[in-house]
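These numbers were taken from a predicted model, which means no experiment stands behind them.
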Amino acid sequence: MKECNQCGKCCIKYGGGDLSATAQEIEMWALFNPDIYKYVKGDEIWFDPKTQLRLTTCPFLEVVPKKEPSHKTLYTCSIYLDRPEDCRHYPSLVSEMIRDECEMIEPTDVKNQIRAQHKLNIIILDSRS
């Protein structure tokens, strides 16, 4: 299994209405991160602060400036340390990575998903804390 290459597939796929935040996260944003909280509507996340319509992508997913025009597009999260728990726990299963065509997956991971799951657990240990 490869390290994350910042392809952005997971954030693009799940960055719209497919994410949730805990009540505690929303409360913390309200108190300490108004720039995040302004995208909250009730107990749901990622709404346009002006129109109150649900956004189709995460407002905090940013394209990394390319060093060369031919380089691959990379993405970053501008609220990485304050991102919702849903984001912290993705990916949690090799099967969802396969389904979502995650670029971390290698052919050997597909063949031996038990070993791949062990590798995944080690790789993303830091992001789950």
Subject >> Separation of Glu62 CD from Cys77 SG (nearest 0.5 Å) >> reply: 8.0 Å
**OP:** Starting at SG of Cys87, measure out to CD1 of Ile79 and round the result to the nearest 0.5 Å.
**Re:** 7.0 Å
Original post:
Is it true that Glu103 and Lys72 have a side-chain N and a carboxylate O under 4.0 angstrom from each other?
Top reply: yes
Show me the donor-acceptor pairs within less than 3.5 Å that the side chains of residues 14-23 make with the rest of the protein, sequence neighbours left out.
unit_1: Tyr14; atom_1: OH; unit_2: Arg99; atom_2: NH2; d: 2.6
unit_1: Tyr14; atom_1: OH; unit_2: Asp100; atom_2: OD1; d: 3.0
unit_1: Tyr14; atom_1: OH; unit_2: Asp100; atom_2: OD2; d: 2.8
unit_1: Ser20; atom_1: OG; unit_2: Asp86; atom_2: OD2; d: 3.2
unit_1: Thr22; atom_1: OG1; unit_2: Glu25; atom_2: N; d: 3.0
unit_1: Thr22; atom_1: OG1; unit_2: Glu25; atom_2: OE1; d: 3.3

Looking at [X], I want to see if its [atom1] is surrounded by more than 12 non-hydrogen atoms of other residues, nucleotides or ligands under 6.0 Å.
X     : atom1 : value
Phe47 : CZ    : yes
Gln24 : CD    : no
Leu31 : CG    : yes
Glu96 : CD    : yes

Original post:
Which pair of heavy atoms, one from Val94 and one from Ala116, lies closest together, and at what distance?
Top reply: CG2-C, 3.6 Å
Subject >> Closest non-hydrogen atom pair, Lys119 against Met1 >> reply: NZ-N, 3.3 Å
Original post:
Can the ring centres of Trp29 and Tyr39 be said to be less than 6.0 Å apart?
Top reply: no
Subject >> Residue pairs fulfilling salt bridge (Lys or Arg N to Asp or Glu O under 4.0 Å) with at least one residue in residues 37-54, sequence neighbours excluded >> reply: Glu44-Arg54
Original post:
Under the 3.5 angstrom rule, does the side chain of Lys2 hit a backbone N or O of Glu106 as a donor-acceptor pair?
Top reply: no
